[in-house]
Participant: 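Structure in structure tokens, see below.
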Amino acid sequence: MITFPNAKINLGLNIVEKRADGYHNLETIFYPIHLQDALEVTRREKDDTPYTLHVKGTALEGAPEDNLVVKAYELLKKDHEMPPIDIHLFKHIPTGAGLGGGSSDCAFMIKLLNEKFRLNLSLEEMEGYAARLGADCAFFIRNQPVFATGIGNIFEPIRLSLSGCYLVLVKPDIFVSTREAFAHITPHKPEVSLKEIVRQPVEIWKDSMKNDFEDSVFLQHPEIAAIKDELYDLGAVFASMSGSGSSVYGIFRQPIENVDEKFGDCFCRQRELD
Ligand SMILES: C[C@](O)(CO)[C@H](O)COP(=O)(O)OP(=O)(O)OC[C@H]1O[C@@H](n2ccc(N)nc2=O)[C@H](O)[C@@H]1O
Ligand SMILES: Nc1ncnc2c1ncn2[C@@H]1O[C@H](COP(=O)(O)OP(=O)(O)OP(=O)(O)O)[C@@H](O)[C@H]1O
């Protein structure tokens, strides 16, 4: 069985308060985008090992047991009978990018195992398992635009469509540690709720929709700030860093010709938005 985990962007990201457990409560809008990995699971004939993991495409650090698709399998196996499996993962979503690539692979693995081995898990049960593996993971179970609070695992549906717009996504060769990015934040309540801002046309988001990570990340990596400026110079109606970075996206009303020539050797993709 094969599935295609997609990435997400954050439309606004406000870090509201630090929690006793060291995590932060935040307010953000998760928006799924058509940038995908590929994940295939087959039943392993031999029972010499519980799983094998084969990763192609963008190289990943860490041992197989650290991969979030393996963590998802091992977590479900604690409660459900499953045979040995072979896992093939093609990584296309850049890592350390603020795009939820690892989290998406994790959630799509849970959905794939549920279907393939008929575990009969509800959406809520799958969200519960996903939330135990990462703050961003639960969103990808339903994988619809949502207003998220808590650590990023409490969702309110929102009516938002960017259909007909074009997204330009640029990821420089800079790794931003999510943990470090949070350490530089002074939490605060936003003046205007993101739920109000997204009721307005995209053209007026620029002055009110903020990603609280930008100030500290841009100070440390001015090249990332320069990408956001370039996207506005190319005519973006709105541009922002996604998550804790390092990727930056611009929303355009028209597609940009030869956009990948504008950003040197950065990872650059243009997609029409749903
Ligand atoms: C910044 C976002 O990408 C916004 O979508 C997410 O909140 C990050 O989610 P994520 O990458 O899945 O984060 P995790 O891998 O769960 O956590 C990495 C580290 O980030 C910090 N972290 C993460 C999420 C959160 N709400 N508060 C935090 O303080 C914690 O130190 C945590 O150890
Ligand atoms: N399947 C996977 N794909 C990508 N990264 C993975 C995976 N499994 C574990 N990781 C680890 O998770 C870290 C974060 O990965 P990535 O940034 O793609 O995911 P994320 O944390 O969900 O996204 P974000 O960048 O929004 O925080 C990577 O540096 C990598 O070491």
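Just follow the structure's listing: the first ligand is 1, and inside any ligand the first atom is 1.
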Participant: Short list, please: which atoms of ligand 2 are under 4.0 Å from a heavy atom of Asp136?
Facilitator: 26 (O)
Participant: Given 3.5 Å as the limit, does a donor-acceptor pair link the side chain of Tyr23 with the main chain of Ala135, or not?
Facilitator: no
Participant: Taking only heavy atoms of Asp105 into account, list the atoms of ligand 2 that are under 4.0 Å away from them.
Facilitator: 1 (N), 2 (C), 3 (N)
Participant: Any N/O of Thr95 closer than 3.5 Å to an N/O of ligand 2?
Facilitator: no
Participant: Show the atoms of ligand 2 that are less than 4.0 angstrom away from any heavy atom in Gly101.
Facilitator: 18 (O), 19 (O), 22 (O), 23 (O)
Participant: Under 3.5 Å, side chain of Lys189 to main-chain N/O of Val192, donor-acceptor pair present?
Facilitator: no
Participant: What about the rings of Tyr166 and Phe252, do their centers lie closer together than 6.0 Å?
Facilitator: no
Participant: Going by distance only, is there an N or O of Phe30 that falls short of 3.5 Å from an N or O of ligand 1?
Facilitator: no
Participant: Can you tell me the protein heavy atom closest to atom 17 (O) of ligand 2 and the distance?
Facilitator: Gly96 N, 2.9 Å
Participant: Return the set of residues passing side-chain contact (heavy atoms from CB on, under 4.5 Å) with Pro201 (not counting sequence neighbours), or none when no residue passes.
Facilitator: Glu203, Ile204
Participant: Using a 4.0 Å cut-off to any heavy atom of Ile151, which atoms of ligand 1 qualify?
Facilitator: 26 (N)
Participant: Counting only non-hydrogen atoms of the protein, does one fall under 4.0 Å from atom 20 (O) of ligand 1?
Facilitator: yes
Participant: Can you find a protein heavy atom under 4.0 Å from atom 14 (C) of ligand 2?
Facilitator: no
Participant: Please work out which of the three classes, parallel, tilted or perpendicular, describes the rings of His24 and Phe182, given edges at 30° and 60°.
Facilitator: parallel
Participant: Would you kindly specify which portion of Ser103 sits under 4.0 Å from ligand 1, judged on non-hydrogen atoms: side chain, backbone, both or neither?
Facilitator: side chain
Participant: Heavy atom to atom 22 (N) of ligand 1, shortest distance: which of Phe182, Phe139, Phe213 holds it?
Facilitator: Phe182
Participant: Out of curiosity, is Gly98 lining ligand 2, as in a heavy atom under 4.0 Å away?
Facilitator: yes
Participant: Any Lys/Arg nitrogen of Lys195 or Glu156 sitting under 4.0 Å from an Asp/Glu carboxylate oxygen of the other?
Facilitator: yes
Participant: When you look for heavy atoms under 4.0 Å from ligand 1, do you find them on the side chain of Tyr23, its backbone, both, or neither?
Facilitator: both
Participant: Say whether Asn67, considering both its backbone and side-chain N or O atoms, lies within less than 3.5 Å of an N or O atom on ligand 2.
Facilitator: yes
Participant: Suppose we screen for salt bridge (Lys or Arg N to Asp or Glu O under 4.0 Å). Which residues come up paired with Asp37, at least two apart in sequence or across chains?
Facilitator: Lys91
Participant: Please identify which atoms of ligand 2 are closer than 4.0 Å to at least one heavy atom of Lys91.
Facilitator: 3 (N), 4 (C)
Participant: Just jot down the ligand 1 atoms closer than 4.0 angstrom to any heavy atom of Thr178, in number order.
Facilitator: 8 (C), 20 (O)
Participant: Closer than 4.0 Å to some heavy atom of Gly134 - which atoms of ligand 1 meet that?
Facilitator: 12 (O), 16 (O)
Participant: Closest by any non-hydrogen atom to atom 27 (O) of ligand 2: pick that one out of Thr58, Thr178, Val55.
Facilitator: Thr178
Participant: For ligand 1, does Leu26 get within less than 4.0 Å through its side chain, its backbone, both, or neither, judged by non-hydrogen atoms?
Facilitator: side chain
Participant: What protein heavy atom sits nearest atom 27 (N) of ligand 1, and how far away is it?
Facilitator: His24 N, 3.0 Å
Participant: In the protein, which heavy atom is nearest to atom 6 (C) of ligand 1, and how far is it?
Facilitator: Asp136 OD1, 3.1 Å
Participant: Please determine whether side chain to side chain contact (heavy atoms under 4.5 Å, CB included) holds for the pair His184 and Phe213, giving the CA-CA distance in whole Å, both sets of side-chain angles, and the decisive distance to 0.1 Å.
Facilitator: CA-CA 8 Å; His184 289 98; Phe213 284 115; over 6 Å; no
Participant: Backbone, side chain, both or neither: what part of Asn10 comes under 4.0 angstrom of ligand 1, heavy atoms only?
Facilitator: side chain
Participant: What atoms of ligand 2 come closer than 4.0 angstrom to any heavy atom of Leu68?
Facilitator: 8 (N), 9 (C)
Participant: Considering only heavy atoms of Phe175, which atoms of ligand 2 have at least one such atom less than 4.0 Å away?
Facilitator: 29 (O)
Participant: Taking only heavy atoms of Asp66, which atoms of ligand 2 are found under 4.0 Å from at least one of them?
Facilitator: 9 (C)
Participant: Compute whether any side-chain donor of one residue and acceptor of the other, for His188 and Asn14, lie under 3.5 angstrom apart.
Facilitator: no
Participant: Closest by any non-hydrogen atom to atom 24 (P) of ligand 2: pick that one out of Ala135, Gly100, Ala97, Gly102.
Facilitator: Gly100
Participant: Report yes if Ser244 has an N/O atom closer than 3.5 Å to an N/O atom of ligand 1; otherwise report no.
Facilitator: no
Participant: Report yes or no: does a heavy atom of Leu89 sit under 4.0 Å from some atom of ligand 2?
Facilitator: yes
Participant: Cation over ring, Lys111 on Phe140, under 6.0 Å and within 45°?
Facilitator: no
Participant: Taking the non-hydrogen atoms of Lys8, is any one of them nearer than 4.0 angstrom to ligand 1?
Facilitator: yes
Participant: Short list, please: which atoms of ligand 1 are under 4.0 Å from a heavy atom of Gly22?
Facilitator: 29 (O)
Participant: In the protein, what heavy atom is nearest to atom 33 (O) of ligand 1, and what distance, to one decimal place, separates them?
Facilitator: Arg179 NH2, 3.3 Å
Participant: Under a 3.5 Å distance rule, please check whether Asn10 uses its side chain to pair with a backbone N or O of Gly12 as donor and acceptor.
Facilitator: no
Participant: Using a 3.5 Å distance criterion without hydrogens, assess whether the side chain of Ser246 forms a donor-acceptor pair with backbone atoms of Ile174.
Facilitator: yes
Participant: Measure from the side-chain N and O atoms of Asp260 to the backbone N and O of Cys268, and report whether any donor-acceptor pair falls under 3.5 Å.
Facilitator: no
Participant: For the residue pair Leu89 and Lys56, establish whether any side-chain heavy-atom pair is separated by less than 4.5 Å.
Facilitator: no
Participant: Could you tell me whether the side chain of Phe139 reaches within less than 4.5 Å of the side chain of Ser104, counting heavy atoms only?
Facilitator: no
Participant: Would a 4.0 Å cut-off, counted as strictly less than, catch a protein heavy atom around atom 4 (C) of ligand 2?
Facilitator: yes
Participant: I'd like to check atom 31 (O) of ligand 2 in this structure: does the protein have a heavy atom lying under 4.0 Å from it?
Facilitator: no
Participant: Among all the protein's non-hydrogen atoms, which is closest to atom 21 (O) of ligand 2, and how far away is it?
Facilitator: Ser103 OG, 4.1 Å
Participant: Do any heavy atoms of Lys8 fall under 4.0 Å from ligand 2?
Facilitator: yes
Participant: Distance under 6.0 Å and angle within 45° of the ring axis: does Arg269 meet both against Phe267?
Facilitator: yes
Participant: Starting from atom 16 (O) of ligand 1, find the nearest protein heavy-atom neighbour and note its residue, name and distance.
Facilitator: Ala135 N, 2.9 Å
Participant: So, regarding Val69 and ligand 2 (criterion: nitrogen or oxygen to nitrogen or oxygen, under 3.5 Å), is there a contact or not?
Facilitator: no
Participant: Do Phe90 and His54 make the cut of ring centroids closer than 6.0 angstrom?
Facilitator: no
Participant: Could you tell me if Tyr129 and Asp79 have a donor-acceptor pair between their side chains, going purely by distance under 3.5 Å?
Facilitator: yes
Participant: Walk me through whether Arg132 and Glu127 qualify under salt bridge (charged side-chain N to carboxylate O under 4.0 Å, His left out).
Facilitator: CA-CA 9 Å; Arg132 288 161 60 181; Glu127 286 176 335; over 6 Å; no
Participant: Protein heavy atom under 4.0 angstrom of atom 9 (C) of ligand 2, is there one?
Facilitator: yes
Participant: Is there a donor-acceptor pair under 3.5 Å between the side chain of Ser242 and the backbone N or O of Ser247?
Facilitator: no
Participant: Looking just at side-chain N and O atoms, do Asn6 and Asn143 make a donor-acceptor pair shorter than 3.5 Å?
Facilitator: yes
